[in-house]
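One-based numbering, in listed order, for ligands and for the atoms of each.
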Amino acid sequence: MSHVHRVACPLDCPDSCTLAVEVEGGRIQRIDSATDGALHPLQGGLICGKVRRMAEHVHGDERLRTPLLRRGPKGEGVFEPCTWDEALEHVAAQYADVARRHGPRALLPVSYGGSNGLLTQDAADALFFRRFGAAPVERTLCAAPSSSAQGALYGKMPGMSLVDMEHSQLVVLWGVNPHVSGIHLVPVVERALERGAKLVVVDPRATSFARRAHLHLQLEPGSDLPLALAIANLLFERGHADLAFLEQHARAVDRFREACAAWSPARAARATGVPVEQIEQFAELYGTRSPAAIRCGWGVERSRSGGMGTAAILALPAVAGHFGHRGAGFAMSAGSGAWRGQLADACDEPDVEGPAVNLSRLGEALAGGPDAAVFALHVYNANPLATFPNQERIRRGLLREDLFTVVHDAVLTDTALYADVVLPATTFFEHAELQRSYGAFALQLSTPAIPPVGESRSNHQVFVELARRLGLLRSGERTDEARFVEAALALRPQRLEVLRNEGLVAPDTGFQPVAFVDMFPGTADGRVDLWPAEFETAPGGPWHWQAEPPGGGGPLVLISPATSRTTSSTFGQRVRGPISLALHPFDADKRGLVEGQLVRAFNDLGEVHARLTLDSNLRPGVACLPKGLWARHTHNGRTANALIPDHLSDVGGGACYNDARCEVAALESSA
Ligand code: SF4
């Protein structure tokens with residue numbers, strides 16, 4: 001007899017769908033969109049195909065079912081099963097030994113994005129690592145530059161609700177491809193277009209929406225900052241700036257205007273590769289159509305000037321006064337910001353003091369030798385070898401014989417092959433979760449839909465047990481998951497009851513707050529800060545564009561965007577067969593390369609071998625490998641990250657995935 005269980009999707013996606021999971025005999029039979037009244041308004045009865053097929057991942061052959069101990073050289077994946085007791089005893093003993101010999105900071109926790117749930121990250125794990133005294137980390141792989149930019153200008157005022165974009169008369173999709181990531185924006189944009197909105201897309205690729213847009217600005221990757229400043233400059237010059245709004249709601253307007261004035265359309269055209277006429281058309285559309293909304297994606301932030309590039313885009317609605325109406329403003333991390341002041345940390349243990357390790361430079365942290373600082377690594381919710389920059393540097397670190405590595409995951413990831421101990425993890429269908437969306441205004445509480453597969457255990461269980469074995473728990477201390485849920489909701493305890501009964505609540509601002517009506521900047525003076533102090537320490541100072549990334553590496557810009565099958569490495573695991581490297585036909589022809597040929601993309605950091613595919617939707621000069629790949633997807637077991645440098649963005653210290661430069665050459669003759 002089957003039953004349907006409601007679960008919130010906590011995967012790294014802004015939409016946070018409520019799923020209806022049909023279960024029979026402890027197995028998932030079907031996953032679909034929930035249809036009852038507790039749905040948040042963005043979802044509209046739609047979920048993505050990737051999660052619809054997730055039962056294959058949950059019950060599939062690759063699922064880990066027991067703990068494993070390494071029995072061969074690192075990287076070769078030779079393991080033998082053991083009991084949980086043996087595994088945890090070994091891990092606890094090794095962590096204690098590392099702390100004794102090198103200090104507790106020699107243990108480095110690595111987690112990122114495998115789950116965005118509030119119980120699987122920064123709850124029991126934080127309690128364990130903070131009491132142990134492990135190295136604090138900065139999770140900067142994604143969203144750190146954007147969050148810093150949004151925070152600097154608006155004091156973390158949430159972006160507009162994505163649903164409200166259907167009321168816009170101009171929709172700007174900047175560095176975002178909703179057909180593959182954040183699919184619920186697609187019907188919203190369609191509705192806006194049906195109501196007569198114009199669509200502008202800014203992207204180096206001719207995405208589905210770009211091909212239908214009224215205007216597509218196919219810029220050089222990493223040149224968003226000069227483009228946005230040039231548009232702001234035109235808004236000021238041509239009388240489209242809302243000076244009354246700026247006077248009342250912004251600070252440092254004159255200094256910002258001066259910085260923009262340095263970017264004439266002609267100079268911006270040279271920097272971005274976008275024709276002058278298109279820059280002018282964009283400014284004209286943005287200055288004259290209202291309400292206008294900009295959806296700024298995470299493609300913008302992934303370069304050396306990505307933080308300020310994002311900030312310049314987010315400054316445009318302030319310059320043009322596109323606020324105060326439903327359908328006007330910017331959309332970025334909407335949901336998360338809306339919970340400020342309403343959600344507390346799920347873990348109330350104080351942070352470990354001292355400098356944090358920036359995970360975008362994990363390879364540097366793992367470097368061995370006399371200066372080595374990390375001797376134990378605990379990886380959960382992440383597959384860093386596949387997804388973090390400078391892959392070969394990380395691989396060299398993972399091969400260190402004096403590094404003790406634990407990986408807790410549902411399948412044997414590329415990183416897990418280098419582990420000393422592998423622990424089988426539950427998926428979000430098998431454990432409780434508190435899920436806050438970053439695209440919709442919703443907080444959801446889920447209970448397990450099925451029992452754990454095999455002997456898998458949740459992050460919560462593992463960290464509580466390790467804390468117990470290492471004597472880090474206090475006498476009589478509560479260690480149940482409800483403790484962390486209650487802590488997170490301590491500022492609004494009455495909401496717990498609603499969550500338990502109905503599964504979903506919205507923030508106090510309501511589902512769709514309007515900027516400068518229901519919510520205002522959280523900066524010190526409540527104004528939009530157009531010259532933030534945080535930007536003073538960025539290379540070159542506020543609004544300075546770094547024309548080239550450090551290091552060079554080749555004439556082609558390599559980008560690694562999400563695809564409909566690989567928005568993350570969690571989904572990448574389900575993709576069968578090799579993946580191709582894409583080049584524009586012009587670039588392939590220039591190099592004498594043809595469709596289907598085996599090629600190598602290379603630079604000083606590494607190389608990737610793959611079959612070539614020709615894609616005229618790319619901007620010439622741009623090579624493309626999908627995000628979320630595993631070693632199995634290329635011919636030499638390397639992914640785009642083998643070519644991606646690990647320098648940091650100007651603001652927020654984020655990973656610069658789009659700063660990779662490379663050359664592409666034949667590995668085999670085309671004959
Ligand atoms: S990955 Fe995104 S679109 Fe897919 S089910 Fe989860 S929240 Fe919904």
Side-chain angles (χ1 to χ4, degrees), residues 4-22 28-36 38-58 112-121 142-143 161-163 165 176-190 208-209 295 297-298 331-336 381-383 387 410 426-431 433-446 449-450 503-504 506 511 561-575 626-628:
V4 175
H5 196 94
R6 207 168 66 189
V7 169
C9 176
L11 298 177
D12 192 3
C13 168
D15 298 357
S16 201
C17 294
T18 314
L19 309 175
V21 183
E22 188 183 327
I28 298 174
Q29 304 298 322
R30 191 162 171 269
I31 302 168
D32 210 333
S33 171
T35 51
D36 58 25
L39 285 181
H40 59 72
L42 180 61
Q43 186 175 337
L46 173 71
I47 65 167
C48 67
K50 301 181 289 286
V51 165
R52 209 178 271 283
R53 290 189 294 275
M54 254 192 119
E56 298 161 23
H57 167 76
V58 174
Y112 194 84
S115 166
N116 280 345
L118 298 177
L119 292 183
T120 38
Q121 189 168 279
C142 180
S161 162
L162 294 175
V163 181
M165 288 177 77
V176 64
N177 184 4
H179 283 94
V180 305
S181 51
I183 56 168
H184 296 91
L185 187 56
V186 173
V188 176
V189 175
E190 297 288 1
S208 304
F209 270 137
R295 169 58 163 163
W298 286 267
M332 194 113 216
S333 285
S336 309
N381 295 348
N383 182 6
T387 58
T426 48
T427 67
F428 65 89
F429 300 100
E430 300 150 58
H431 56 239
E433 191 56 280
L434 182 64
Q435 169 59 16
R436 179 189 55 185
S437 162
Y438 64 98
F441 291 86
L443 178 73
Q444 302 181 68
L445 184 64
S446 302
I450 56 169
L504 180 146
F511 272 123
T563 70
S564 55
R565 296 187 299 162
T566 60
T567 46
S568 66
S569 79
T570 305
F571 293 126
Q573 184 241 342
R574 302 298 310 155
V575 174
K627 182 178 178 227

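- Listed by chain and number, the residues in a salt bridge (Lys or Arg N to Asp or Glu O under 4.0 Å) with E22 amount to none (sequence neighbours excluded).
- The main-chain N or O of S16 is found under 3.5 Å from a side-chain atom of Q444 such that the two form a donor-acceptor pair.
- Side chain of H184 to backbone of L46: a donor-acceptor contact under 3.5 angstrom is found.
- Among protein atoms, those of element N, O or S found less than 2.8 Å away from atom 8 (Fe) of ligand 1 are C17 SG.
- Ring geometry for F209 against H179 counts as tilted: the plane angle lies between 30° and 60°, on a 0 to 90° scale.
- By the side chain to side chain donor-acceptor pair (under 3.5 Å) test, S568 is found to be paired with no residue, residues two or more places apart in sequence or in another chain being considered.
- Applying the side chain to side chain donor-acceptor pair (under 3.5 Å) rule to N177 yields no partners; only residues at least two apart in sequence or on another chain are considered.
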